[in-house]
Every structure is written in structure tokens, then in C-alpha cells.
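One structure is given below, encoded as C-alpha cells.
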Protein chains: 2
Amino acid sequence: MQSTEFELEKFIPYLLNQAAETSSLAFEKVYKGRYGMLRTEWRVLFHLGLYGRMTASEIGTRAKMHKTKISRAVHRLTERRMVTRARDTDDRRMEHLTLTAKGRAAYEDLSGIAARYEVSLLNGLSRDEVAVLRTALVKLAESKPISFT
Amino acid sequence: MQSTEFELEKFIPYLLNQAAETSSLAFEKVYKGRYGMLRTEWRVLFHLGLYGRMTASEIGTRAKMHKTKISRAVHRLTERRMVTRARDTDDRRMEHLTLTAKGRAAYEDLSGIAARYEVSLLNGLSRDEVAVLRTALVKLAESKPISFT
DNA sequence: CCTTGTTAGTTACAAATCCAACTATTACAA
DNA sequence: TTGTAATAGTTGGATTTGTAACTAACAAGG
């Protein structure tokens, strides 16, 4: 019945979205259920947990998140006493963000669960397949916008 | 400095999100720019274009979209004269959705661009890598929620 | 010093999404 | 029948996100 050869079920951006959504939703239940966090918040938390002290812009560059998202996530995380802010003494536009003990505890908890979740997620895939998947995803994430014909 | 072995840069759900977001944003420019559509709308359009007449629930099941999203997307698509609705005569709760000529034209246009975009997206990957990627994404999309320890 | 431009981060308003309640219709069992 | 439950789809209000304008601080040339 259809006139084109296009197949949605094999269309990579579509598959990416489906896969990303299922895995995100699964993990969202954890940080939302345990700490009432939003996706933006756990991203900020994970970055601070992994890389230590960072500014909001640094997180933005690394996580490819818009600065307003970060601003609001940081606001909520400081309210919950998981993050502290400290003005830079040289350049007083910047703030250095750090996890509090409470924030670090949450990070340790969640990163542990994340690691275990990933194992279960990759259960049906071979070591080689996982390796291919990772490098492919990295390349796709870095791909450039559409150029037309 | 960090205490866990967790690596965000290799964490599959994170990579999936990054890749999905880049490719979605790239393609969003197309359907938004050309037809002023939202993501939910092009999904509905694509399903109707591919599978012909469908009800809202059928689209919901296939696309894993919530019914409210579909309801609103269909509303906007009918406003733009891209979709028509027809009550089922036997079960008058259901509506059968079909593309109009205008809707089909938009679908043909966009699916062509999508196909070409996918080619460019997969440029840096070998045939085998693409195959692995596809099957892996399908499996991940079907994966089940987290089970705790 | 001043002006102009840039960068860090916040805020306000509009747009989109989520969730829960709602209507209308059908199914089915007492 | 009739009462209860299930299903298709819509609507309303709270939550979240996106976009653009904003403040504050610095930079650099004149």
C-alpha cells in the first residue's frame, strides 16, 4: 500500500528515541522515587559526583544542557542541601559547585544502582556488540545537523 | 578523586539520550521549519503514512505514545487538514484516522528527507556496525524496568 | 576612565508535557 | 434488563521545558 521504501521500524533516530526513553524511564523511577529528583537534577549530580567541583557552564558544555536547565536544577539541589555554591574570588560571575555529604551519598547510591542497571540492560548483548554500540552512539551524538539537497 | 568505578561517558542510557537528542533535534528542524509540526505530530503522520488507516489507540500502542499526546497531535493535524477522522460505525468510541492528500504529500516529503538524513547519519559506520546497532537498539527499547537488589 | 562587547547565571512568559479526572460508548455478568 | 467494569478519546490544571530578555561582572580598545 505504501509508496516509499521508508521503514520507520528501522529508522535510527526513531529507534534511538525508543531505546533512550525506555532506559531513561526505568532509571527515572529510581532517582525520582528515592530522592524526588528530576532528570536535569541527576545529570548535574552525576557530573559533580564524577568530576568534583565544576561551574554551571562547565556542566553545560559537558552535558550539552542549556544553562537555564542547569540553573534551575542547581537551585533545587541547593534547596535540598545536596549542592553548595561558592563565588569565584577572581571572577565573581562564576560559581563553583560542589556536592555536600548528603549529595555525595545520593550520588554514590545512584551510581551504584546505575552500574547494576546497565549490566542488566546489556544482558542480551555480547561483549563485542556492546563495544560497537558504544562507539556508534558516541559518533551519532557528535553528528552534525542536516544538510539539504 | 572519585570513589566509584562508574563512568558516565560510557553509561548506555546516557549515551542513548545524547545520540537520540542530537538526531531528533536535527530532524526536528526539518518538519518544524517546513510544516510547523511538533515531534508528536510527525510521529502520528509517519505512522499513518506507513500503515494507512489507524485509530489513535493503535498508534499509541505502536509508537508507545500516551493517548493525550496523540489526541492533541491529531487535533492539530486535522486543523491543518492533513488528517481526517471517521467514526467507526460498529464501535462508535473509535475513530479511524487517515491522511489527506496534503498530509500524504507532507509524509512523502519528510520520509524522503528522513531516509537521506539517515544515510548521512550512518556515514561513519560500517554495514556490520549498523546492523549491530539496529538489533541492539530494538532489544534495548524492549527491555524491562529496573529490578532492585 | 568610558564605551562596547562578551560571559555567567537568573528570571519571566509562552509552549509543551504529564497526570488525573472526565464523557461517551461498549461489554458482560447477575 | 440493569449495574459494573472496561475502553476510546478528550479536557483541565499543575509541572516542566524552551526562548528570549535581563542583571551583574569582566575585557579590551580608544
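Throughout, protein chains are lettered first and strands after them, A, B, ... in sequence-line order, and every chain is numbered starting at 1. On a predicted model such as this, the values are computed, not experimentally measured, just so you know.
- With sequence neighbours left out, Asp88(A) forms a salt bridge (charged side-chain N to carboxylate O under 4.0 Å, His left out) with no residue at all.
- Listed by residue number, there are no residues of residues 14-27 of chain A with a heavy-atom contact under 4.0 Å to DNA chain C.
- Qualifying salt bridge (charged side-chain N to carboxylate O under 4.0 Å, His left out) partners for Glu21(B), counting only residues two or more places apart in sequence or in other chains: none.
- Think of the region where chain B sits on DNA chain D: with heavy atoms and a 4.0 Å cut, that region ends 5' and 3' at dA6(D) to dG13(D).
- Within the 4.5 Å cutoff, the side chain of Met82(B) has heavy atoms near those of the Met37(B) side chain.
- For Arg134(A), the salt bridge (charged side-chain N to carboxylate O under 4.0 Å, His left out) partners are Glu118(A), not counting sequence neighbours.
- Every pair passing ring-ring contact (aromatic ring centres under 6.0 Å, His included) that includes a residue from residues 14-33 of chain B is listed here, sequence neighbours excluded: Phe27(B)-Tyr31(B), Phe27(B)-Trp42(B), Tyr31(B)-Trp42(B).
- Per the geometry, CZ belonging to Arg87(A) stands 8 Å off C1' belonging to dG9(C), to the nearest Å.
- Separating the CG atom in Leu45(A) from the OG1 atom in Thr40(A) is a distance of 11.0 Å, to the nearest 0.5 Å.
- Taking atom CE of Met37(B) as the reference point, atom C1' of dA16(C) lies 17 Å away to the nearest angstrom.
- Residue His75(A) is the one, among Arg76(B) and His75(A), whose nearest nucleotide of DNA chain C lies closer to the 5' end (criterion: closest heavy atom).
- Remark: Arg87(B) engages Glu95(B) in a salt bridge (charged side-chain N to carboxylate O under 4.0 Å, His left out) (not counting sequence neighbours).
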What does the B/S/- profile of nucleotides 19-28 of chain C look like, 5' to 3', with a 4.0 Å heavy-atom cutoff to protein? BB----BS--
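- Residues satisfying the side-chain contact (heavy atoms from CB on, under 4.5 Å) test with Glu58(A), not counting sequence neighbours, are Met54(A), Thr55(A).
- Counting any heavy atom pair closer than 4.0 Å across all strands shown, Arg85(B) reaches sugar-phosphate atoms only and no base atom.
- Residue Lys69(B) places no side-chain N or O under 4.0 Å from the OP1 or OP2 atom of dA16(C).
- In this structure, the side-chain contact (heavy atoms from CB on, under 4.5 Å) partners of Glu9(A), at least two apart in sequence or on a different chain, are Tyr51(B), Arg62(B).
- Between Ile70(B) atom CD1 and dA16(C) atom P the separation is 18 Å, expressed in whole Å.
- For the side-chain contact (heavy atoms from CB on, under 4.5 Å) test, no residue two or more places apart in sequence or in another chain qualifies with Ser71(B).
- Ser143(B) is linked by a side-chain contact (heavy atoms from CB on, under 4.5 Å) to Leu121(A), counting only residues two or more places apart in sequence or in another chain.
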